[in-house]
There are 2 protein chains.
Amino acid sequence: MSELLLIDDDQELCELLGSWLTQEGFAVRACHDGMSARQALAAQAPAAVVLDVMLPDGSGLELLKQLRSEHAELPVLMLSARGEPLDRILGLELGADDYLAKPCDPRELTARLRAVLRRSHPSAPTTQVEVGDLVFSPVRGVVSIDEREMTLTLSESRILEALLRQPGEPLDKQELAQIGLGRKLTLYDRSLDMHVSNLRKKVGPHADGRPRIIALRSRGYYYAL
Amino acid sequence: MSELLLIDDDQELCELLGSWLTQEGFAVRACHDGMSARQALAAQAPAAVVLDVMLPDGSGLELLKQLRSEHAELPVLMLSARGEPLDRILGLELGADDYLAKPCDPRELTARLRAVLRRSHPSAPTTQVEVGDLVFSPVRGVVSIDEREMTLTLSESRILEALLRQPGEPLDKQELAQIGLGRKLTLYDRSLDMHVSNLRKKVGPHADGRPRIIALRSRGYYYAL
DNA sequence: AGGAGGTTGTCGGCCGTTTGTCAGAATAAA
DNA sequence: TTTATTCTGACAAACGGCCGACAACCTCCT
């Protein structure tokens with residue numbers, strides 16, 4: 001249930017990997033250049049980063065170096081177009097945790113990601129998100145409110161986690177769909193709304209009756225405190 | 001049921017040895033470079049290390065030296081591409097517990113590993129895992145609940161042990177397969193489910209009727225307290 | 001104020017995937 | 001060869017996600 005940040009200028013590849021990785025249980029965000037990657041990282045640190053060596057606005061290695069200095073613990077898995085051995089060495093020396101040559105087998109990518117995450121999280125205490133009276137355990141997908149406990153599906157978990165991480169701040173539907181469903185919303189796609197609806201049903205409103213998840217028309221959803 | 005760390009840049013060999021050693025009753029993790037090996041060691045110390053002299057990011061001898069200073073007791077068995085006598089001497093001087101030339105006979109490897117482990121673990125207390133009313137002795141593969149005792153097969157033991165080590169925390173099916181079967185799951189592979197099914201049958205449910213091993217759809221299995 | 005057009009909430013059903021389990025085959029151990 | 005263990009289909013059942021449909025709603029325009 002970890003959140004990944006995909007940084008690669010190839011948008012198609014991103015979407016492909018994104019939907020694969022989502023199916024594998026990750027929550028995925030994607031950036032296509034160093035600039036937006038920096039912003040995404042500043043906004044919210046993911047559990048791991050998949051980084052392409054080649055980026056439109058400068059080398060991925062540059063980004064890696066900077067990333068290392070700001071997020072020392074953050075695991076990074078690097079990708080390169082052809083298995084340039086030089087890049088590989090540079091990447092690993094600069095602190096990438098693993099390295100993969102493109103085109104890469106998605107299965108191998110997930111395997112290595114899991115390995116990298118396992119290594120970096122040796123005995124992470126059960127991470128759980130607490131917001132108000134609500135406690136959420138992403139690994140098990142269980143929300144507890146007072147004495148009540150309810151189990152969420154994978155998509156629901158990803159969506160709720162994303163919302164809980166920034167209570168009060170609305171999250172764009174597109175982005176939420178990317179994180180929760182691993183794809184962009186198409187016209188007439190009600191899946192995300194469906195999930196939100198089910199979430200509301202499962203989690204219920206606040207003690208005083210206010211809804212917990214609120215839609216901001218054409219701006220997305222947010223979790224209300 | 002000891003856990004090994006395999007450090008060798010040859011991934012194929014690792015998988016091969018990994019599955020052999022798993023069948024021999026070891027739990028196996030593998031790293032392909034010094035960097036990740038260091039992290040893996042820091043994350044969780046194995047019972048022994050199998051270390052290749054040649055690593056992509058520096059000599060295995062370097063790693064050995066460092067390893068020795070940090071884990072004095074940890075048995076290390078070294079491998080070298082060709083039986084370079086110099087390496088052998090260096091390796092043993094730096095504190096490797098044994099030395100083997102590649103290509104090596106898996107049977108010889110297991111034999112020496114057991115020897116090395118026996119030496120280092122002169123009187124290891126019978127480790128057993130206790131969770132709730134259940135007591136499990138991995139070495140013998142016996143679970144006891146109240147007065148009842150049942151014997152598990154090797155695969156069952158490894159799977160149950162992995163689950164018991166983190167009660168309540170789900171373990172991904174892929175990881176569980178790696179631990180229990182020594183390989184990855186392929187499409188339509190029901191082996192793991194089979195083992196879990198058999199485990200449930202052997203061990204039975206909790207006293208109050210709740211199942212002990214629970215599947216979280218697309219998130220894996222966990223042992224319920 | 002009235003209405004058009006787009007957005008959101010939800011129901012119900014369809015469908016593909018995951019899981020549980022049986023029975024028999026294949027494989028390894030004795 | 002016997003025996004124990006693991007793996008392979010095969011099938012059913014449960015589950016989660018998606019889509020069509022429709023109502024309710026909000027915004028903005030006239």
Side-chain angles (χ1 to χ4, degrees), chain A residues 1 19-20 22-25 27 141 150-160 163 170-174 176-205 211-222 224, chain B residues 19-25 106-107 110 141-142 150-160 163 170-174 176-205 211-222:
Chain A
M1 214 75 36
S19 77
W20 170 276
T22 306
Q23 291 208 314
E24 291 291 314
M150 31 260 157
T151 307
L152 306 184
T153 72
L154 208 54
S155 302
E156 288 164 2
S157 293
R158 282 189 292 245
I159 292 170
L160 180 61
L163 292 175
L171 239 170
D172 189 86
K173 282 180 84 164
Q174 285 299 341
L176 213 42
Q178 186 61 53
I179 292 173
L181 320 180
R183 62 157 198 271
K184 291 188 179 132
L185 285 178
T186 59
L187 196 54
Y188 304 130
D189 192 337
R190 324 302 325 305
S191 307
L192 179 60
D193 305 75
M194 220 46 260
H195 286 298
V196 172
S197 172
N198 294 330
L199 263 175
R200 287 201 262 239
K201 213 181 307 178
K202 278 189 188 176
V203 176
R212 287 175 193 270
I213 302 178
I214 295 179
L216 276 188
R217 197 178 181 78
S218 62
R219 243 183 300 254
Y221 292 98
Y222 71 97
Chain B
S19 78
W20 170 275
L21 289 169
T22 305
Q23 292 210 312
E24 288 294 314
R107 273 164 304 188
T110 47
V142 173
M150 32 258 156
T151 311
L152 305 185
T153 70
L154 204 56
S155 301
E156 287 165 0
S157 293
R158 279 191 295 251
I159 292 170
L160 181 61
L163 292 175
L171 208 67
D172 189 271
K173 284 181 82 162
Q174 287 298 341
L176 213 43
Q178 188 62 54
I179 293 172
L181 319 179
R183 63 185 158 78
K184 292 177 184 143
L185 283 178
T186 59
L187 196 55
Y188 303 132
D189 193 336
R190 323 301 289 53
S191 313
L192 180 60
D193 304 74
M194 224 41 265
H195 285 297
V196 171
S197 174
N198 293 331
L199 262 175
R200 286 201 261 239
K201 215 180 305 178
K202 277 189 189 176
V203 176
R212 287 175 194 270
I213 302 178
I214 295 180
L216 277 186
R217 194 182 180 83
S218 64
R219 260 185 287 227
Y221 291 100
Y222 72 97

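Numbers restart at 1 for each chain; the letters A, B, ... are given by sequence-line order, proteins then strands. These numbers were taken from a predicted model, which means no experiment stands behind them.
For C:dG6, the base has a donor-acceptor partner in the side chain of A:R217 [N/O atoms by modelled type, under 3.5 angstrom].
Mapping A:Q23 and A:S218 onto DNA chain C by nearest heavy atom places A:S218 at the nucleotide closer to the 5' end.
Summarising the geometry, the separation between CG on B:D193 and C1' on D:dT6 is reported as 14 Å, rounded to the nearest angstrom. The distance between atom OH of B:Y188 and atom P of C:dG16, rounded to the nearest whole Å, is 12 Å. Rounded to whole Å, the distance from CZ on B:R190 to C1' on C:dC22 is 12 Å. Rounding to whole angstrom units, CG of residue B:L187 and P of D:dC7 are separated by 17 Å. Put simply, CG on A:L185 is 10 Å from P on D:dC19, counting in whole angstrom units. Going from atom CH2 of B:W20 over to atom C1' of C:dA29 covers 12 Å, rounded to whole Å. Look at CG on B:L181: it is 10 Å from P on D:dT8, rounded to the nearest Å. C:dT19 atom P lies 14 Å from atom CD1 of B:I214, rounded to whole Å.
A:R200 comes within contact range of the sugar-phosphate backbone alone, with a heavy-atom separation under 4.0 Å but no base atom that close. Within the 4.0 angstrom heavy-atom criterion, only backbone atoms of the sugar-phosphate kind lie near A:D189; the bases stay farther away.
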Between B:L171 and B:I179, is a side-chain contact (heavy atoms from CB on, under 4.5 Å) present by the stated rule, with each step listed? CA-CA 10 Å; B:L171 208 67; B:I179 293 172; 4.2 Å; yes
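OP1 or OP2 of D:dC18 has at least one side-chain nitrogen or oxygen of A:R183 nearer than 4.0 Å. In terms of phosphate contacts, A:T153 brings a side-chain nitrogen or oxygen within less than 4.0 Å of OP1 or OP2 of D:dG17. OP1 or OP2 of C:dT18 has not a single side-chain nitrogen or oxygen of B:Y221 nearer than 4.0 Å. Here A:H195 does not reach the OP1 or OP2 of D:dG16: none of its side-chain N or O atoms lies under 4.0 Å away. Dashed line: the shortest gap from a side-chain N or O of B:K201 to OP1 or OP2 of C:dC22 is under 4.0 Å. Between A:S197 and C:dG9 there is no side-chain N or O to OP1 or OP2 distance below 4.0 Å. Residue A:S191 places none of its side-chain N or O atoms closer than 4.0 Å to OP1 or OP2 of D:dG17.
Looking at B:R200, its side chain never comes within 3.5 Å of a backbone N or O of B:P211 through a donor-acceptor pair.
Looking at A:T153 and B:R217, their side chains never come closer than 4.5 Å, going by heavy atoms from C-beta outward. Here the side chains of A:R183 and A:D189 are in contact, with some heavy-atom distance below 4.5 Å.
Summarising the local packing, CD of A:Q174 is surrounded by more than 12 heavy atoms from other residues, nucleotides or ligands at distances under 6.0 Å.
Taking only side-chain atoms of A:M194, from C-beta outward, the nucleotide of D:dT6, D:dC19, C:dG9 with the closest atom is D:dC19. In the set C:dT19, C:dG20, C:dT10, C:dT19 carries the atom at the smallest distance from any side-chain atom of B:K173.
Remark: the B:R158 side chain and the B:T22 side chain contain no N/O donor-acceptor pair separated by less than 3.5 Å.
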